[in-house]
Each structure stands twice: as structure tokens, then as C-alpha cells.
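Counting from 1, the numbers follow the sequence of the chain as shown. In what follows, every heavy atom counts, from backbone to side chain, and hydrogens, waters and symmetry copies are set aside.
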Amino acid sequence: MAEIPSSGNCEDLPQNTGAADNNSSLVVCFGEMLIDFVPTVGGVSLAEAPAFKKAPGGAPANVAVGISRLGGSSAFIGKVGDDEFGHMLADILKQNNVNNSGMRFDCSARTALAFVTLRADGEREFLFFRNPSADMLFHESELDLKLLEQAKIFHYGSISLIEEPCRSTHLAAMTIAKKAGSLLSYDPNLRLKLWPSPEAARKGIMSVWDKADIIKISEDEITFLTGGDDPYDDNVVLKKLFHPNLKLLLVTEGSEGCRYYTKKFRGRVTGVKVKAVDTTGAGDAFVSGILSNIASDISLYQDEKRLREALAFANACGALTVSERGAIPALPTREAVLKNLQNIPE
């Protein structure tokens, strides 16, 4: 098993990471990593499921693995329980060449669990077990400062903003990374059932909105964050969601592709049509695709031609992921994405 510093009255352990060596384009992902339990058959409710298969989950961790699988350099910072599941997750990161030196173990809380149903249309429903889970108990004193300061891009979601002490740790990590020169990347990844109320979710998600350099959101998230406005209206997006410090705003539209907005230009890149088996991790795969490109070409978002090529690549990452079950198992390699793009008619 991976040996990583632990906490919660546990003894610190020597570090043993799956670190990628290329720190010049390092993407550090912060937040939750958990175990998803998915029914062994699709199109059933949790009560109807005959059995469940366990799988690693958590959007920031999925992004870290996705970047590594595409040939990029990534690290994950977060907290899991000092239990079998927590050590399993640390090992999975190491096996996928993700630097896991920023992970911490907690002896007093368990690794988070989520039961995920796959409906007949491939969409998901969630039942979470976090009362509290270890990821919610991540303290600022446990942050790996050196790792944060090496980040070319610091990526995060909003689940880590729900509860203290993790919220304060999240905010501190953003500040440290920004001061060190990192681009801040934000995918809210709305999970409404985890928030105390819709109002708390909207306020919490927007509380760090103006800090991000890159934001990726979905159509449903636009509707939620704007209080019901049309997610396809460019004026809504630009007036309510595009802030002065933002370098790139991305709106994913599933199989239809994505829209992009910068200070200089905006447009749409058509998606890749595939038969959806499981949409788990599609958005994370998309984020992996675009961040891996930006990390190696930091001014990419300033050139519309290069940005469109990178977004076509990201769309293909998402499409390949939904054609298989599970998030991390389905995340594609760079070779698979490039092969897929070659088969798309001009």
C-alpha cells in the first residue's frame, strides 16, 4: 500500500508517491476522493440493485488520473480515512502515476462512500455517506505547501467548500497556489444533496467564483446559479457568470460539445457522438483534456485556433469516457483520443 502522512492521532508515515517528474506543467487537484458503489446492472433503483461494484470516485481525483493518463503531470491533495478504502484509493493514484504525497489519512473518520444508480438513459442518481467523512476534516496545517507552490494549474470543485474545516483549508490552498503563480481552475460539480439548502449551495459556489482563472460549468449549473435563466443565452452567461479576472469560461453540453468564452472571443465546438453507457466522469474527462493542454501551453486560451483544437480534444475525452462503465477505468489515453479524432469527419 502507498505510505502517506496520516492524521487524527495517527502516526505520520514516510512518503511513497506515484509522482510524475514533469513539475513544469504540474496540475494539482484538490478535494474529495471516495468510493462509488455502482449497481452491477443498469436502469435500476438502489433498492432494486442485485449487487454493487466498488469503484474509485471523486471529481478532483478523476481529473488528476485523467491528466496523467493523457501523458500529463498531476498530483492530488485530499484526505481519506485510515481504512482499507482510503489506502486502496491512495494506491490507485500511485498506480496511475499521480503524485499522492498531498494525501492525508484520518483515524477518526472513514473514507466517504457514495451509492450511484445508473438510470436507463445513462444518467446518475446519488446517495452519499459522509457523517462526517475524512475529506471533510482536512485541516490547513496538513496542506503540502511545496506541492501547492509547484502547481502550474490548481484545480478544485465546490464539495470541499461545504463544511469546515475543509472549507478554510480549500481557501488557504487557493491563496497559496495563486501567490505562487498558478492558474486557478474551478469546476463547481454541483451535488445539491450534499448542501444544507439550494440557497447555501448557490452562495457557497459563488463565494469563490471571482477568484478563478478558468471555470467549467454545465447547462444545468447555469440554470441553477442564475436562478432559472436560459443556459443557452450568451448574454446571460456573459453578464452573470463571466467576471473581470476570468480568462476562460467553458460550458459543457454533453454530446453536443461545448461553448467557450474569453475576453476576446467566444464560440462552440461540436461534440463527438457515441452511445452512452455511463456518464460518470464525462465532465472530469473533459476537464482533464483541456487542462492537460493548457498546462503544456499556458497561453493557449489566448489563441482561438489552438483553443478550439484543445476543446475538440477535450470533447473526445468525454465521449470516450461515457462509452464505458466507471470513471477512472474509462478515462482515455492520449493515443485513444487522437485515434478517435482522426475518425471524425471534417
Side-chain angles (χ1 to χ4, degrees), residues 26-32 58-61 63-64 67 74-78 102 135-136 138-140 142-145 147-191 194-195 199-218 221-222 224-227 236-252 260-264 266 283-284 286-288 290-291 294-295 298-302 307:
L26 180 66
V27 180
V28 175
C29 302
F30 176 94
E32 70 282 359
V63 171
I67 288 168
S74 66
F76 175 75
I77 294 179
D135 59 290
M136 300 160 70
F138 197 6
H139 291 267
E140 183 177 344
E142 298 172 303
L143 284 170
D144 186 328
L145 302 183
L147 194 57
L148 283 168
E149 290 167 354
Q150 291 173 349
K152 178 70 71 73
I153 298 173
F154 181 66
H155 175 73
Y156 49 88
S158 69
I159 290 174
S160 46
L161 293 169
I162 298 174
E163 297 279 357
E164 292 290 357
C166 189
R167 174 181 165 79
S168 292
T169 306
H170 179 142
L171 296 175
M174 286 173 57
T175 300
I176 293 163
K178 190 67 175 179
K179 282 183 178 177
S182 301
L183 285 178
L184 300 188
S185 166
Y186 186 22
D187 176 3
N189 193 37
L190 176 66
R191 295 288 179 264
L194 292 178
W195 292 86
E199 293 74 23
R202 196 174 291 111
K203 183 178 178 181
I205 288 170
M206 296 305 294
S207 69
V208 297
W209 197 262
D210 62 353
K211 306 294 184 186
D213 298 295
I214 302 166
I215 296 176
K216 173 259 169 190
I217 46 173
S218 67
E221 287 165 344
I222 293 175
F224 175 76
L225 293 173
T226 60
V236 167
V237 174
L238 290 169
K239 288 180 180 178
K240 293 195 173 184
L241 298 176
F242 197 96
H243 65 77
N245 300 319
L246 195 56
K247 294 176 172 61
L248 177 62
L249 176 63
L250 299 170
V251 179
T252 52
Y260 58 90
Y261 302 84
T262 74
K263 292 175 182 177
K264 295 181 179 178
R266 65 191 189 199
D284 303 330
F286 174 90
V287 172
S288 299
I290 189 62
L291 292 187
I294 293 175
I298 208 70
S299 63
L300 180 148
Y301 59 85
Q302 297 174 350
L307 177 61

Once you round to the nearest 0.5 Å, how far does [atom1] of [X] lie from [atom2] of [Y]?
X	Y	atom1	atom2	value
H243	D210	NE2	CG	6.0 Å
S74	L26	OG	CG	7.5 Å
T169	M136	OG1	CE	12.5 Å
D144	I77	CG	CD1	6.0 Å
S218	L250	OG	CG	12.5 Å
I298	K247	CD1	NZ	9.5 Å

message: Taking side-chain hydrogen bond (donor to acceptor under 3.5 Å, both in side chains) as the cut-off, I'd like each qualifying pair that reaches into residues 148-159, sequence neighbours left out, listed once.
response: H155-S185

query: Can you list the steps and then say if R266 with V237 is a side-chain contact (heavy atoms from CB on, under 4.5 Å)?
result: CA-CA 11 Å; R266 65 191 189 199; V237 174; over 6 Å; no

Residues forming a ring-ring contact (aromatic ring centres under 6.0 Å, His included) with F138, sequence neighbours excluded: F30

What pair of heavy atoms forms the shortest contact from [X] to [Y], and how long is it?
X	Y	answer
E221	L190	OE2-N, 2.9 Å
F242	T262	CZ-C, 3.7 Å
L246	A212	CD1-O, 3.5 Å
G31	P60	CA-CG, 3.9 Å
M174	K211	CE-CB, 3.6 Å
S160	H170	OG-ND1, 2.7 Å

Hey, is the main chain of [Y] close enough, under 3.5 Å, to the side chain of [X] for a donor-acceptor pair?
X	Y	answer
W195	I162	no
D187	G157	no
S288	V63	yes

Check: [Y] and [X] side chains under 4.5 Å, non-hydrogen atoms:
X	Y	answer
R191	N189	yes
L225	W209	yes
I205	L161	no
I217	L249	yes
F154	K178	no

Identified side-chain contact (heavy atoms from CB on, under 4.5 Å) partner of I294 from the options V27, L307, D213, I214: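 Looking at V27, L307, D213, I214, the match for I294 under the side-chain contact (heavy atoms from CB on, under 4.5 Å) is I214.
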
statement: Applied to residues 157-172, the salt bridge (charged side-chain N to carboxylate O under 4.0 Å, His left out) test, sequence neighbours excluded, yields none

- request: Evaluate whether atom NZ of K263 has more than 12 neighbouring non-hydrogen atoms of other residues, nucleotides or ligands under 6.0 angstrom away.
  value: yes

